[in-house]
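Lettering of chains follows the sequences in order, A, B, ..., and the numbering in each one begins at 1. All values below were derived from every heavy atom in this structure, side-chain atoms included, with hydrogens, water molecules and symmetry-related copies excluded. On a predicted model such as this, the values are computed, not experimentally measured, just so you know.
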Amino acid sequence: MSELCLVSIGSVPENALQWIEAAAAEWFPLPIRRLPPVAVPDGAYDPKRHQYQSIEMMKMLAKLSPIDNGSRILGVTDVDLAIPMLTFLFGQAQFDGPIAVVSLCRLHQEFYGMPAQESLLRERAVKEVLHELGHTFGLVHCSEETCAMSLATHIELVDAKAEQFCARCGLQLVQRFSREGGV
Amino acid sequence: MKKNWPILVVDDEDVMCESMAAWLREDGYRVDTAPNGQKAVELARPTDYAICFVDLKMPGGMDGIETMMEIHRVRPDASIIIITAYATVDTAIQAMKEGAQEYIVKPCNPQEISMLVSRILKLKRLQSENAMLRKKLTRQYRHHDIITKNPRMEEILALTQDVASLRSTVLIRGESGTGKELVARAIHYSGNRAEKPFVAVSCAALTETLLESELFGYEKGAFTGATAQAKGKFELAHGGTIFLDEIGDISPKLQADLLRVLQERRFYRVGGNAEVEIDVRVIAATNRDLAEEVEQGRFREDLYYRLNVIEIKLPPLRERREDIPLLAEHFVQRISSELAKDVSGINAAALKLLIGHDWPGNVRELENVIERAIVTCRNGMLDEQDFSWLQQRTAKSEPWEIPDVPLGELERRAIVAALERKHGNVKEASTALGIDRSTLYDKLKRYEISH
């Protein structure tokens, strides 16, 4: 049976996992299963950049659970993600594939030298989770700035999004779910 | 999926290729990856990549610059973005000189790369739109779009095809509305200058001084109001074709200037000291008899021979009546679609009426008549009622029986009749005949007519 596996990579606050679980349950018609937390993979750390390669995280997620057709696995981490080409990532997903990873690191107000703000962290986390899971269901970046699928290349653009998909992306998701028979 | 714009990422590091490809795929692009230059070129052969990200340093085999050059050999339009580390920025700049569109230093900000990709693709879209419009324009003016089944017109079209790629000057003669500019465009768009500008100038529309600055441009301060240097039509047509319509109307001074341009391919802007060199093909047109104008001393003989290297004489519509049904149907289809009127054709009685009309305004008049009929048409087919006003106009003109006499005799009789009508007043008779007084005097002398 298809499911959405949620796994924390390294130390992730429980309340953040709960927000993410609730948002995923609201938007995606898959039963959610929490996997036991895993450690950040050794090979992911880039000592020169003090960041973690997201592709290594995704490789590790692929090995975690046998993924049947229609299932997704979402890794959540609090470490800073990057790829060799880019200075950072809020998250990454396999386009139309089963694996996605989201980093909370740059969603914290503290990262920008501001006092912590839990409600803002929750909003940002939900938006990024919808965004990356949206990619796994074949959604590409949306030109509607307030849609969860719009490309955010800095935190202000994350804040400009709503915690939902625009009508067009939402419809595309619904069509995809109905085509896949309840997935 | 933005399938029209595939992207290639070339890097020997698998993690670099795959992570970059994954990031771009989220944006909807089709992305391929290649671990080396050789594989990249293999992939580029069958695929029209819009952008290729190529790592500058790849050990063994081709490096980034060699890869870029090989990709350009098979895909000259692909935009190459060289990926480099800080230590190799100088080499990346060298890559730009060799033809790379951009270079990016890794790691770069996601916003930077996102903007770079959008900027390049926007340019690609404009280039592709431009190419499409050029193609459309070229198609629009190709020979087979001039509608005819008249043998003389077909010969003319064959001639235009033959002369299309030459630089020789062409003189197109024909009454107003016979399609002189259309033929000029057909010559331009069928030849090797098709990608370059076609610039049309109506010489009769402007005064001598205005036409001079229009043709040759002017320098700042050349005259009151010349606040900045301006290029003339000859400069704007550089590499292409200039079409000088109604050339018979230009002043003696401009005739001299034009002769110099045709002879030397260079000129001065108005108020300028520096010569401007140009490569322009000249196609001129007139509804006057230039040989006659030369004879009368109104047009320079040397310029006439310079212009008249290849002469094309377009027949008036009344001498190609077999084309009237074809042209009429063509105009009905085109104009009804432009005006969003549901008019499907033209009935036989209306066609007969159109074929019988003399069309002094030629094809342009036919086009206007059809447009007027479509505007007022109340059902889906044009009939003779839609052209009743034309019928009245035709009926008003008196029937003309042409006597079986030599042409000179016809002219003599016309002159005598005009003089009789104007009671011997040469000035008024010349106006009525559409010639000037000195020409009429010459003719009076030639035909030994006393007045």
Side-chain angles (χ1 to χ4, degrees), chain A residues 41 43-44 46 48-59 61-62 80-103 106 128 131-143 148-158 169 172, chain B residues 1-33 35 51-58 64 81-87 102-119 121-122:
Chain A
D46 181 343
K48 282 186 200 159
R49 293 172 58 175
H50 303 294
Q51 287 178 305
Y52 294 79
Q53 292 296 338
S54 77
I55 206 95
E56 297 300 328
M57 299 276 197
M58 291 171 80
K59 280 183 194 167
L61 288 173
D80 195 17
L81 294 181
I83 59 172
M85 189 67 192
L86 300 177
T87 47
F88 73 92
L89 291 174
F90 291 123
Q92 195 167 26
Q94 265 184 323
F95 179 74
D96 213 1
I99 301 162
V101 61
V102 167
S103 163
R106 290 178 189 246
E128 285 312 292
H131 183 97
E132 298 307 338
L133 285 177
H135 282 317
T136 68
F137 285 98
L139 294 185
V140 297
H141 290 148
C142 177
S143 55
M149 289 315 296
S150 76
L151 171 64
T153 51
H154 50 85
I155 195 68
E156 289 81 1
L157 289 177
V158 176
C169 292
Q172 211 177 316
Chain B
M1 183 76 79
K2 299 165 185 172
K3 284 176 188 160
N4 289 339
W5 305 110
I7 293 176
L8 178 66
V9 181
V10 191
D11 199 302
D12 57 302
E13 287 178 59
D14 186 49
V15 63
M16 162 71 203
C17 273
E18 284 314 313
S19 59
M20 182 68 182
W23 192 76
L24 288 165
R25 280 179 194 128
E26 289 181 359
D27 222 1
Y29 300 109
R30 186 196 124 185
V31 189
D32 293 332
T33 59
I51 301 177
C52 301
F53 288 93
V54 180
D55 189 25
L56 188 61
K57 286 205 165 177
M58 289 185 283
I81 301 176
I82 292 286
I83 304 167
T84 179
Y86 278 109
E102 269 298 347
Y103 75 89
I104 45 175
V105 178
K106 68 179 172 183
C108 71
N109 191 294
Q111 190 177 15
E112 192 185 330
I113 200 159
S114 171
M115 282 167 69
L116 177 64
V117 170
S118 322
R119 182 159 53 82
L121 293 184
K122 189 176 173 188

message = Within the 4.5 Å heavy-atom criterion, are B:Cys108 and A:Thr87 side-chain neighbours or not?
response = no
ask   = Side chains of A:Met85 and B:Ile104: closer than 4.5 Å at any heavy-atom pair?
value = yes
From [X] atom [atom1] to [Y] atom [atom2], the distance as rounded to the nearest 0.5 Å:
| X | Y | atom1 | atom2 | value |
| --- | --- | --- | --- | --- |
| A:Met58 | B:Ser19 | CE | OG | 10.0 Å |
| B:Ile113 | A:Thr153 | CD1 | OG1 | 11.5 Å |
| A:His141 | B:Leu24 | NE2 | CG | 10.0 Å |
| A:Leu151 | B:Glu26 | CG | CD | 8.5 Å |
| B:Met20 | A:Ile55 | CE | CD1 | 12.0 Å |

query = Who wins among B:Glu18, B:Met16, B:Glu13 for the most heavy-atom pairs under 4.5 Å with chain A?
reply = B:Met16
key: chain B contact via A:Gln94 - side chain, backbone, both or neither, heavy atoms under 4.5 Å   = neither
Side chain / backbone / both / neither for A:Leu89 at chain B, heavy atoms under 4.5 Å = side chain
query = Where do A:Pro84 and B:Lys106 come nearest, in terms of heavy atoms and distance?
reply = O-CB, 3.9 Å
